[in-house]
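Structure record follows, encoded as structure tokens.
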Protein chains: 2
Amino acid sequence: MGLTKSEIFTDTQNQIATLAKAFAHPARVAILQQIFKANACICGDLVDEIGLAQATISQHLKELKSLGLIRGKIEGTSVCYCINQEKWSKMKQLLTAFFNQDLNNINCC
Amino acid sequence: MGLTKSEIFTDTQNQIATLAKAFAHPARVAILQQIFKANACICGDLVDEIGLAQATISQHLKELKSLGLIRGKIEGTSVCYCINQEKWSKMKQLLTAFFNQDLNNINCC
DNA sequence: TTATAATATTGCAATATTACGATTAATAAA
DNA sequence: TTTATTAATCGTAATATTGCAATATTATAA
């Protein structure tokens, strides 16, 4: 099939999966790292930094934007990207809680 | 195309992406939560708990196993799954470090 | 040995993702 | 206005993922 049966899972499970998908491609990881590295908004030299075509980068940016993890502000002919701090925090909280499940767990094997 | 160009990214970027993929499907999130919830090894009643076919669950388990996040111990005709604590810790460390990049970041917008 | 039970594997269909050339849209500069 | 510059969108090809029926495998029970 290829169609995820979202309806049989809880909202939290779907949210975790959707957010994890953002990081499930090295290009998107690299894009986010670049934005953080700049320690400010980055005015789209991402295509030069990462070795992918402009259309491809634009597509990855769109996905990150649609998840709300980054924002794009138009500055003349270029676009400046930055992290959406609130959304990033919420994402971190959700995923960290999921990761920390092991703290309640008995080491059985 | 559809082929991720792993070679143009760093090892860390690829590792983050590969691990994130484990959580990028709600069924795998649900499986991991079930294993944690049992607070021990869980002997494959996952198919009943989650509403997917046996073959599908088996496939998701295989992916989690191949990443090393879970282990399967054969007990008679059934298999008991549990979290690989060391691998889980390492995963947590890598992804948490990635998520905490925002701590060094100036809130610019 | 012959069932029975539990899980893995295979094969396939359908959908999703990745990548990029070409085009379009919008702004800035000449 | 014309010409760059920059980024988004469209269209398309290739690969990946998801899901399941059918089958195979493995170990126990009869």
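Separating the NE2 atom of B:His25 from the P atom of D:dT18 is a distance of 5 Å, rounded to the nearest angstrom. The distance from atom CZ of A:Phe23 to atom P of C:dT17 is 16 Å, rounded to the nearest whole Å. Residue A:Lys62 contributes atom NZ, which lies 15 Å from atom P of C:dA25 at whole-angstrom precision. Counting to the nearest Å, the P atom of C:dG21 and the CD atom of A:Gln54 are 11 Å from each other. Per the geometry, CD belonging to A:Glu75 stands 13 Å off P belonging to C:dT27, to the nearest Å. A straight line from CG of B:Asp45 to C1' of C:dA6 spans 12 Å, rounded to a whole angstrom. To the nearest angstrom, P of C:dT10 lies 11 Å from CD of B:Gln59. For B:His60 and D:dC20, the NE2 to P distance is 9 Å, given to the nearest whole Å.
Proximity note for A:Thr56 (side chain, C-beta onward) versus C:dA6, C:dA19, D:dA8: the nearest is C:dA19.
A 6.0 Å sphere centred on CD of B:Glu75 holds more than 12 heavy atoms belonging to other residues, nucleotides or ligands. Within 6.0 Å of NZ in A:Lys92 there are more than 12 heavy atoms belonging to other residues, nucleotides or ligands.
A tilted orientation is assigned to the rings of A:His25 and A:His60, their planes being inclined by 30° to 60°.
Residue contacts for B:Leu52: at a heavy-atom cut-off of 4.0 Å it reaches the sugar-phosphate backbone alone, with no base atom in range. Counting non-hydrogen atoms under 4.0 angstrom, A:Thr4 reaches the backbone sugars and phosphates but no base. Residue B:Ile57 is classed as having no contact, given no heavy-atom separation below 4.0 Å to the nucleic acid.
Residue A:Tyr81 has no polar side-chain atom (N or O) positioned under 4.0 Å from OP1 or OP2 of D:dT6. Remark: B:Lys65 is in phosphate contact with C:dA8, judged by side-chain N or O atoms under 4.0 Å from OP1 or OP2. The phosphate of D:dT26 has neither OP1 nor OP2 within less than 4.0 Å of any side-chain N or O from B:Thr77. At D:dC20, one or more side-chain N or O atoms of A:Lys5 fall inside 4.0 Å of OP1 or OP2 (strictly under the cut-off).
Pairs passing the disulfide (SG to SG under 2.5 Å) check and including a residue from residues 42-80 of chain B, sequence neighbours excluded, read B:Cys43-B:Cys80.
Judged by closest nucleotide on DNA chain C, A:Arg28 is the one of A:Arg28 and A:Ala55 placed further toward the 5' end. Mapping B:Glu63 and A:Cys43 onto DNA chain D by nearest heavy atom places A:Cys43 at the nucleotide closer to the 5' end.
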### Task
With ring-ring contact (aromatic ring centres under 6.0 Å, His included) as the test, would you mind laying out the steps for B:Phe23 and A:Phe23 before giving the verdict?
CA-CA 10 Å; B:Phe23 313 117; A:Phe23 314 117; over 10 Å; no
